Amino acid sequence: MTAQIISGTEIAKQIREELKQEITELKEKHNLIPGLATVLVGEDPASQVYVGQKEKASLALSIYSERHDLSADTSEEELLSLIDRLNKDPKIHGILVQLPLPKHINETRVLYAIDPKKDVDGFHPVNVGKLMIGEPDYLPCTPHGIQQLLIRSGVKIEGSEVVVVGRSNIVGKPIANILLQKKEGANATVTVCHTGTRDISFHTKRADILIVAAGKPKAITADMVKEGVVVIDVGVNRIGKTAEGKAILAGDVDFEAVKEKAKAITPVPGGVGPITIIMLMLNTVKAAKLSAGLA
Ligand code: NAP
């Protein structure tokens with residue numbers, strides 16, 4: 001069996017078209033323009049790329065976009081005061097603080113300072129709690145994107161054995177939570193593995209759907225999966241550089257070998273990455289609608 005390749009790029013395009021229409025309607029019928037503020041502290045090259053992609057995606061959708069690039073020595077107080085200002089700004093519906101922050105800034109304090117109604121990343125404890133009880137305003141972008149990749153590729157989630165490798169707060173735990181909900185596009189039996197799991201293969205081999213967010217190249221090899229599995233590879237690992245100095249990326253799954261056994265698989269790049277960015281746009285539109293009482 002050679003796997004169907006689940007293209008995040010293509011599915012993100014579909015969602016972008018749907019959002020374009022929604023944004024036009026919001027403007028025409030309600031004079032409402034969704035607004036997103038991105039905040040970057042320091043000059044981490046990967047973070048600069050991510051913020052640039054988010055800004056580009058906002059502009060392409062005519063979302064009002066504000067970028068705040070702060071120097072690496074910005075104090076926590078200065079950052080908190082910017083967040084306070086953005087919390088109060090009616091043009092801004094979503095605030096995204098790019099992580100990681102420099103070591104002298106308390107990341108938790110900063111994330112907690114964002115108004116939960118503007119927390120389009122879905123990382124504030126209020127939004128984490130709402131997700132947990134099945135009443136989310138915002139789903140965090142990467143896990144929501146993963147769910148959309150599965151649904152829009154026609155993968156049956158309900159009743160499936162889903163195995164998640166990784167238990168981070170931004171991917172592993174929320175995707176497990178989302179697919180566990182007694183809802184359409186979910187209702188799966190979910191197992192979460194991590195470095196404390198005794199026999200990871202025992203679990204991964206049982207998976208109908210395997211979601212890997214470990215941050216380790218080739219953490220999953222072909223002998224660890226069953227024939228016909230659907231694999232979502234979240235990992236982004238820089239494994240070298242091209243002659244031109246561009247990073248060579250790989251996921252967490254041994255793609256070439258696993259695609260021979262899988263029914264469907266996401267590539268890296270071009271899988272989870274593009275869908276994550278479009279889900280941020282979707283959350284920004286939702287935030288604008290919530291602010292206007294339209295959602
Ligand atoms: P993280 O915070 O480092 O968490 C990694 C998780 O994987 C931890 O729970 C860890 O277990 C577990 N783990 C690591 N190695 C393992 C192994 N060999 N077997 C089983 N479990 C293992 O990472 P993250 O933030 O979730 O990100 C994971 C990967 O996804 C990274 O490569 C990241 O760059 C990528 N990512 C991509 C996107 C995107 O948009 N494409 C978005 C977010 C993240 P312990 O808890 O026991 O340490």
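Whatever order the structure lists them in is the order used to number ligands and atoms, beginning at 1. Quantities reported herein were computed from a predicted structural model and do not represent experimental measurements.
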| field | Winner among Val234, Thr195, Val165 once heavy atoms are compared against atom 10 (C) of ligand 1 | value | Thr195
| Just distances here: any N/O of Gly166 and N/O of ligand 1 closer than 3.5 Å? | no
| note | Logged contact type for His194 with ligand 1, heavy-atom cut-off 4.0 Å, is both
| said: Minimum heavy-atom separation for Ala207 and Val229, please, with both atom names. | reply: O-CG2, 3.4 Å
| query | At a 4.0 Å threshold, what atoms of ligand 1 neighbour a non-hydrogen atom of Ile170? | reply | 25 (O)
| remark: Short version for Val236: what comes under 4.0 Å of ligand 1, heavy atoms counted, is both
| query | Closest approach of Pro100 and Ser47, non-hydrogen atoms and distance? | reply | CD-OG, 4.1 Å
| field | Value rounded to 0.5 Å, distance of CG in Asp44 from CG in Leu101 | value | 11.0 Å
| Check ion pair Asp208-Lys226 (N to O, under 4.0 angstrom) | yes
| task | Measure the NZ-OG1 distance between Lys54 and Thr38 for me, rounded to the nearest 0.5 Å. | result | 8.5 Å
| field | Protein contact to atom 26 (O) of ligand 1 [nearest heavy atom, distance to 0.1 Å] | value | Ser168 OG, 2.5 Å
| query | Is there a donor-acceptor contact under 3.5 Å from the side chain of Asn237 to the main chain of Ala250? | reply | yes
| query | Do NZ/NE/NH1/NH2 and the carboxylate oxygens of Asp137 and Lys117 come within less than 4.0 Å? | reply | no
| query | Given that the side chain starts at C-beta and the backbone is N, CA, C, O, which of these parts of Thr142 lies under 4.0 Å from ligand 1, counting heavy atoms, or is it both or neither? | reply | side chain
| field | Glu66 bridged to Arg85 by N-O distance under 4.0 Å | value | no
| task | Answer side chain, backbone, both or neither: which part of Thr197 comes under 4.0 Å from ligand 1, heavy atoms only. | result | neither
| message | Testing Lys13, Lys20, Gln21 one by one against Glu17 for a side-chain contact (heavy atoms from CB on, under 4.5 Å), which residue passes? | response | Lys20
| Is Gly273 in contact with ligand 1, taking contact as a heavy-atom separation below 4.0 Å? | yes
| Looking at atom 3 (O) of ligand 1, what's its closest protein heavy atom, distance included? | Ala214 O, 4.6 Å
| What's the shortest distance from atom 46 (O) of ligand 1 to any protein heavy atom, and which residue and atom give it? | Arg167 NE, 2.8 Å
| note | Rounding to 0.5 Å, atoms CG (Leu282) and CD1 (Ile275) come to a distance of 10.0 Å
| remark: To atom 31 (C) of ligand 1, the nearest of Gly251, Pro274, Gly215 on a heavy-atom basis is Gly215
| said: For atom 40 (O) of ligand 1, is there a protein heavy atom at a distance under 4.0 Å? | reply: yes
| query | Looking at Lys216, which atoms of ligand 1 are within less than 4.0 Å of one of its heavy atoms? | reply | 14 (C), 15 (N)
| message | Tell me the protein heavy atom at minimum distance from atom 19 (N) of ligand 1, and give that distance in Å. | response | Ile200 CD1, 3.2 Å
| message | When you compare the side chain of Gln147 with that of Leu139, does any pair of heavy atoms fall below 4.5 Å? | response | yes
| field | Closest protein heavy atom to atom 44 (C) of ligand 1, given as residue, atom name and distance to 0.1 Å | value | Val171 CG2, 3.9 Å
| request: Kindly confirm or rule out an N or O of Asp252 lying under 3.5 angstrom from an N or O of ligand 1. | output: no
| request: Go through ligand 1 atom by atom and flag the ones less than 4.0 Å from a non-hydrogen atom of Thr276. | output: 39 (C), 40 (O)
